**Q** 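What follows is a structure written as structure tokens; I'll ask about it next.
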Amino acid sequence: ELQHFQTFVKNHLPFDVVIDGLNIANIAPKGNQSRILLDVVSFLANRNMRLLVLGRKHMLGGTRSWNKGHMAEIQKYADCFFTENISEDDPFLLYATIHSGSHCKFLSRDLMRDHKACLSDQNTRRLFFKWQRGHQLVLSRYNPGKRMKFEIIPKYDTIVQTSSDTWHIPYDEEGVERCSYEVPRKWLCLRKHN
């Protein structure tokens, strides 16, 4: 399956956005999953983005949650790859995003904590976090028939910023955890006095 996917990606590159289909389809607690995914895919496709939707084969089955007509429409708007139902799809998502180049983003609400935890050392985890922060689109609000909202990817790095005599250090209150796509709300600004 992995080799088939690698060939698929190689033959279809580059993508502007790689979409975690199941993750996005489950953004609303109620609603037709295929309709939600179709809404998001058509929204992005209408902005001239080249899309890859990753999903699992059960999404093609034609059920109450997964309408065959919706899935056919999605495949008109985007390239699609459907893994086996037991496959872990996040590695496919990361692979396609990285191989599409530095402009490519991925759309998922998944924080990728399991993948970060598997990385060998703190520096590699920090590098992954930094890459993730610059490439992950998050659909933060979806109302059927209304506007959807995506979190904006900051154009600046939300880690310590330095110049010759100043430091800007982001921080959070004790016990507060942020997601990779969230920008720190507080910055400590220090300047060296001569």
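All of these numbers come straight from a predicted model, not from anything done at the bench. No hydrogens, no waters, no symmetry mates; every other heavy atom, side chains included, goes into these values.
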**Q** Please tell me if the side chains of Leu188 and His168 come closer than 4.5 Å, counting only heavy atoms from C-beta onward.
**A** no
**Q** Does some side-chain heavy atom of Phe81 sit less than 4.5 Å from a side-chain heavy atom of Val53?
**A** no
**Q** When you measure from the side chain of Arg109 to the backbone N and O of Asn23, does any donor-acceptor pair fall under 3.5 Å?
**A** yes
**Q** Determine the sole option in Arg50, Arg47, His103 for which the side chain to side chain donor-acceptor pair (under 3.5 Å) test with Asp16 is passed.
**A** His103
**Q** Any donor-acceptor pair under 3.5 Å linking the side chain of Thr7 with the backbone of Gln3?
**A** yes
**Q** Establish, for the pair Arg125 and Phe129, whether the NZ or CZ atom is under 6.0 angstrom from the six-membered ring centre and no further than 45 degrees off its axis.
**A** no
**Q** Is the shortest distance from a Lys or Arg side-chain nitrogen in Glu84 or Arg56 to a carboxylate oxygen in the other one below 4.0 Å?
**A** no
**Q** I'd like to know if the side chain of Ser100 and the backbone of Ala96 have a donor-acceptor N/O pair within less than 3.5 Å.
**A** yes
**Q** Taking the side chain as every heavy atom from C-beta outward, state whether Leu137 and Leu139 have any pair of such atoms under 4.5 Å apart.
**A** no
**Q** Going through the distances and angles, do Phe82 and His58 end up as a side chain to side chain contact (heavy atoms under 4.5 Å, CB included)?
**A** CA-CA 9 Å; Phe82 298 96; His58 77 270; over 6 Å; no
**Q** Less than 4.5 Å apart, side chain to side chain, heavy atoms only: is that true for Asn32 and His70?
**A** yes
**Q** Does Phe150 have its ring centroid less than 6.0 Å away from the ring centroid of Phe43?
**A** yes
**Q** Grab the two heavy atoms, one from Ser120 and one from Thr124, that are nearest each other, plus how far apart they are.
**A** OG-OG1, 4.1 Å
**Q** Who pairs with Lys68 by side chain to side chain contact (heavy atoms under 4.5 Å, CB included), at least two apart in sequence or on another chain?
**A** none
**Q** Apply side-chain hydrogen bond (donor to acceptor under 3.5 Å, both in side chains) to Thr97 and list each qualifying residue two or more places apart in sequence or on a separate chain.
**A** none
**Q** Could you give the distance from CG (Asn67) to CD (Glu73), rounded to the nearest 0.5 Å?
**A** 10.0 Å
**Q** Answer yes or no: does atom CG of Leu190 have more than 12 heavy-atom neighbours from other residues, nucleotides or ligands under 6.0 Å?
**A** yes
**Q** So, the side chain of His12 versus the backbone of Asp79: is there a donor-acceptor pair under 3.5 Å, distance only?
**A** no
**Q** Could you please spell out the steps behind the side chain to side chain contact (heavy atoms under 4.5 Å, CB included) verdict for Asn46 and Tyr77?
**A** CA-CA 9 Å; Asn46 287 329; Tyr77 285 118; 4.3 Å; yes
**Q** State, yes or no, whether a side-chain contact exists between Ile27 and Ile36 at a heavy-atom distance under 4.5 Å.
**A** yes
**Q** Do side-chain atoms of Ser108 reach the backbone of Asp20 as a donor and acceptor pair under 3.5 angstrom?
**A** no
**Q** Are Thr166 and Cys189 close enough that some pair of their side-chain heavy atoms sits under 4.5 Å apart?
**A** no
**Q** Could you label the plane-to-plane angle of the Trp131 and Phe128 rings as parallel, tilted or perpendicular, counting under 30° as parallel and over 60° as perpendicular?
**A** tilted
**Q** Given 3.5 Å as the limit, does a donor-acceptor pair link the side chain of Ser34 with the main chain of Met71, or not?
**A** no
**Q** Quick check: do Phe106 and Gln132 have side-chain heavy atoms less than 4.5 Å from each other?
**A** yes
**Q** Rounded to the nearest 0.5 Å, what's the gap from CD1 on Ile24 to CE on Met148? Could you check?
**A** 10.0 Å
**Q** Is there a chain of hydrophobic side chains (I, L, V, M, F, W, Y, each step under 4.5 Å between heavy atoms) that links Tyr95 to Leu127?
**A** no
**Q** In terms of side-chain heavy atoms, does Glu1 have a donor or acceptor partner in Ser87 at a distance below 3.5 Å?
**A** yes
**Q** Before giving the answer on side chain to side chain contact (heavy atoms under 4.5 Å, CB included), spell out for Ile74 and Cys80 the whole-Å C-alpha distance, their side-chain angles and the decisive distance to 0.1 Å.
**A** CA-CA 8 Å; Ile74 289 167; Cys80 296; 3.9 Å; yes
**Q** Flag the pair Leu44 / Ile19 as yes when at least one side-chain heavy-atom distance between them is below 4.5 Å, and no otherwise.
**A** yes
**Q** Assess whether side chain to side chain contact (heavy atoms under 4.5 Å, CB included) is satisfied between Arg147 and Tyr142, documenting all intermediate values.
**A** CA-CA 7 Å; Arg147 297 187 82 154; Tyr142 169 83; over 6 Å; no
**Q** Side chain of Gln136, backbone of Asp110: donor and acceptor closer than 3.5 Å?
**A** yes
